[in-house]
Novice: 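Sending over a structure as structure tokens; questions will come in a sec.
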Amino acid sequence: MPELPEVETVRRGLQPVMEGFRIVKLEVRRKDLRFPFQRDFVERLAGQFVTGLGRRAKYLLADLASGDVLLMHLGMSGSFRVTKEDDERAPGQFHHARAKDGAHDHVVFHMSSGAEIVFNDPRRFGYMKVIARNALDEEPLLSGLGPEPLGNEFDAAMLAQSCANKKTSLKAALLDQRVVAGLGNIYVCEALFRAHLSPRRLAATLATKAGQRKGVAGGEPTDHAKRLVTAIHAVLNQAIKAGGSSLRDHRQTSGELGYFQHSFQVYDREGEKCQTAGCGGIVKRFTQNGRSTFWCPKCQK
DNA sequence: CCGCGGGCCTGAGAGC
DNA sequence: TGCTCTCAGGCCCGCG
């Protein structure tokens, strides 16, 4: 479930207890998540010093002093919870709460910082994999990813160009991690709403006719493409500031809820009045490529 | 190559 | 209460 803002929130929560510390002990409580763990997974991580914690799209990447990188993905229901081992007996209710879903606590990192970091994932669509840093460029999980939506290289011209030859809807294009990496169903709906663009629109309409024929980078972005990039930036930055969105599973690593869900304007708001000033439309829902789309047919064109 | 639909899992909530 | 059905923030894979 986590999209870029949730993953970034998790990264910021883990960084202070992982970066600059050693993985004293690693518990792996099952043989697989989405994929089986590598045979040497534990031995390559146990005792290792973490030099940095980064993010690429919806992936977390922990750099190790050994030259390996630990790649982590939260799937739909993955989460990390941090507690200090030294205040372990303080919150009695904590142990109580943990016993409740302890069944899905699959991986536990015991850090030299004194932190205990538990990865919980009921649906097990998440996964972890250790890769040599110098083989990162050939890693199939990462190699197809498009630009970071908050990175410098992502702009209207680039978005228009990568949409120019697409035969899908704009909604599907934005969910395609090869076009832009990190958006998911919620933030695509929200960005399209804020840009007043229809999810049904053909993706290729973001480029001018000339740009579509040429298919050249730096070609001709339309005002629509500019508006969309602005909306994507805005919604992601606001969501990160709010600690992400907590619908079902996502929490900050401290256990606190994110609160961007209160700022959704269309997602999960079917039947509500459109929030665009003076619009008066009603938020509708329909299915596109097997996913729910929420939008206002009146002001999104 | 591209786009789509199925499948992977569990749990929450609605309706009966 | 409990059963059945639908749906969920993602992404890999096989098919046409």
Side-chain angles (χ1 to χ4, degrees), chain A residues 1-10 29-36 55-60 71-80 100-106 119-129 139-146 149 162-193 199-200 202-204 215 232 235-236 239-240 242-252 257-271 285-294:
Chain A
M1 314 163 97
E3 305 181 32
L4 188 152
E6 289 73 40
V7 178
E8 178 60 21
T9 298
V10 169
R29 297 178 177 169
R30 27 178 320 128
K31 66 176 192 337
D32 61 357
L33 290 173
R34 174 167 188 157
F35 310 118
R55 179 189 57 76
R56 171 76 173 103
K58 300 172 194 171
Y59 290 91
L60 291 169
L71 194 67
M72 297 173 278
H73 196 287
L74 302 178
M76 288 281 264
S77 58
S79 65
F80 282 96
K100 183 173 154 254
D101 37 291
H104 302 298
D105 289 349
H106 305 310
F119 177 71
N120 180 286
D121 185 4
R123 293 178 71 179
R124 274 180 278 124
F125 288 172
Y127 43 95
M128 297 188 187
K129 184 178 180 183
E139 171 52 46
L141 292 168
L142 302 177
S143 60
L145 294 176
S162 47
C163 286
N165 301 311
K166 287 235 157 224
K167 301 215 172 11
T168 43
S169 66
L170 188 49
K171 162 96 187 292
L174 293 176
L175 278 176
D176 186 341
Q177 304 295 298
R178 295 168 298 183
V179 172
V180 54
L183 300 180
N185 204 36
I186 291 178
Y187 296 104
V188 166
C189 290
E190 293 296 319
L192 286 170
F193 174 79
R200 301 190 128 108
L202 216 53
I232 290 169
V235 76
L236 293 180
I240 290 169
S245 305
S246 295
L247 292 193
R248 286 160 275 275
D249 303 289
H250 170 73
R251 300 216 164 201
Q252 306 191 39
L257 299 170
Y259 52 90
F260 191 73
Q261 65 279 11
H262 304 301
S263 300
F264 292 168
Q265 299 193 284
V266 286
Y267 185 83
D268 211 13
R269 295 195 180 280
E270 181 182 22
R285 164 189 178 149
F286 72 107
T287 300
Q288 260 178 316
N289 304 90
R291 320 285 305 272
S292 281
T293 297
F294 297 88

Novice: Less than 4.5 Å apart, side chain to side chain, heavy atoms only: is that true for Arg200(A) and Ser169(A)?
Specialist: no
Novice: Rounded to the nearest Å, what distance is computed from the CG atom of residue Leu74(A) to the P atom of nucleotide dT10(B)?
Specialist: 18 Å
Novice: His104(A) side chain N/O closer than 4.0 Å to the phosphate oxygens (OP1, OP2) of dC9(B)?
Specialist: no
Novice: Is the NZ or CZ atom of Arg29(A) positioned over Phe119(A)'s six-membered ring, under 6.0 angstrom from the centre and within 45° of the axis?
Specialist: no
Novice: Counting only Watson-Crick or G-U wobble pairs whose two distances fall under 3.5 Å, which nucleotide matches dC11(C)?
Specialist: dG7(B)
Novice: So, is Arg124(A) close to the dT10(B) phosphate, meaning a side-chain N or O under 4.0 Å from OP1 or OP2?
Specialist: yes
Novice: Expressed in angstrom and rounded to an integer, what is the separation of Arg291(A) atom CZ from dC12(C) atom P?
Specialist: 13 Å
Novice: Looking at residues 167-179 of chain A, who's got a heavy atom less than 4.0 Å off DNA chain B?
Specialist: Lys167(A), Thr168(A), Arg178(A)
Novice: Under 4.0 Å, counting only non-hydrogen atoms across every strand here, what does Gly290(A) touch: a base, just sugar-phosphate, or nothing?
Specialist: nothing
Novice: Would you tell me if any nitrogen or oxygen in the side chain of His73(A) comes within less than 4.0 Å of OP1 or OP2 on dC11(C)?
Specialist: yes
Novice: Output the rounded distance in Å from CZ (Arg251(A)) to P (dG9(C)).
Specialist: 19 Å
Novice: Would you say the base of dC8(B) and the side-chain of Arg123(A) have a donor-acceptor pair closer than 3.5 Å?
Specialist: no
Novice: Under 3.5 Å, is there a donor on one side chain and an acceptor on the other for Tyr267(A) and Ser245(A)?
Specialist: no
Novice: Answer with yes or no whether the side chains of Tyr59(A) and Glu139(A) bring together a donor and an acceptor at under 3.5 Å.
Specialist: no
Novice: Answer yes if the side chains of Gln252(A) and Thr9(A) hold a donor-acceptor pair under 3.5 Å, and no otherwise.
Specialist: no
Novice: Regarding Tyr187(A), tell me which of base, sugar-phosphate or nothing describes its non-hydrogen contacts under 4.0 Å with the strands shown.
Specialist: nothing
Novice: Using a 4.0 Å heavy-atom cut-off, does Ser292(A) contact any base of the nucleic acid, only the sugar-phosphate backbone, or nothing at all?
Specialist: sugar-phosphate
Novice: In whole angstrom, give the distance that lies between atom CG of Asn289(A) and atom P of dG10(C).
Specialist: 13 Å
Novice: Between the side chains of Asn289(A) and Lys171(A), is a donor N or O closer than 3.5 angstrom to an acceptor N or O?
Specialist: no
Novice: Under 4.0 Å between a side-chain N/O of Lys166(A) and OP1 or OP2 of dC2(B), yes or no?
Specialist: no
Novice: Please give, in whole Å, the distance from dC7(C) P to Leu247(A) CG?
Specialist: 17 Å
Novice: So what does Ser246(A) touch, heavy atoms closer than 4.0 Å: a base, only the sugar-phosphate, or nothing?
Specialist: base
Novice: Do we count Phe125(A) as stacking onto dC8(B) if the rule is ring centres under 5.5 Å and planes under 30°?
Specialist: yes
Novice: Can you measure Met72(A) atom CE to dC11(C) atom P for me and round it to whole angstrom units?
Specialist: 16 Å
Novice: Between the side chains of Ser79(A) and Arg251(A), does any donor sit under 3.5 Å from an acceptor?
Specialist: no
Novice: Which pair of non-hydrogen atoms, one from Arg124(A) and one from Asp32(A), has the smallest distance, and what is that distance?
Specialist: CD-O, 4.1 Å
Novice: Of all the nucleotides listed (dC7(C), dC11(C), dT10(B)), which has the minimum atom distance to the side chain of Arg285(A)?
Specialist: dC7(C)
Novice: Can you tell me how far P of dC11(C) sits from CG of Leu145(A), to the nearest Å?
Specialist: 9 Å
Novice: In this structure, how many angstroms lie between the P atom of dG10(C) and the CG atom of Leu142(A), rounded?
Specialist: 17 Å
Novice: Any base atoms under 4.0 Å from Tyr59(A), or only sugar-phosphate, or nothing? Heavy atoms, all strands.
Specialist: sugar-phosphate
Novice: Distance between the P atoms of dA12(B) and dC11(C), in whole angstroms?
Specialist: 23 Å
Novice: Taking the same atom, P, in dC9(B) and in dC3(C), what whole-Å distance lies between them?
Specialist: 24 Å
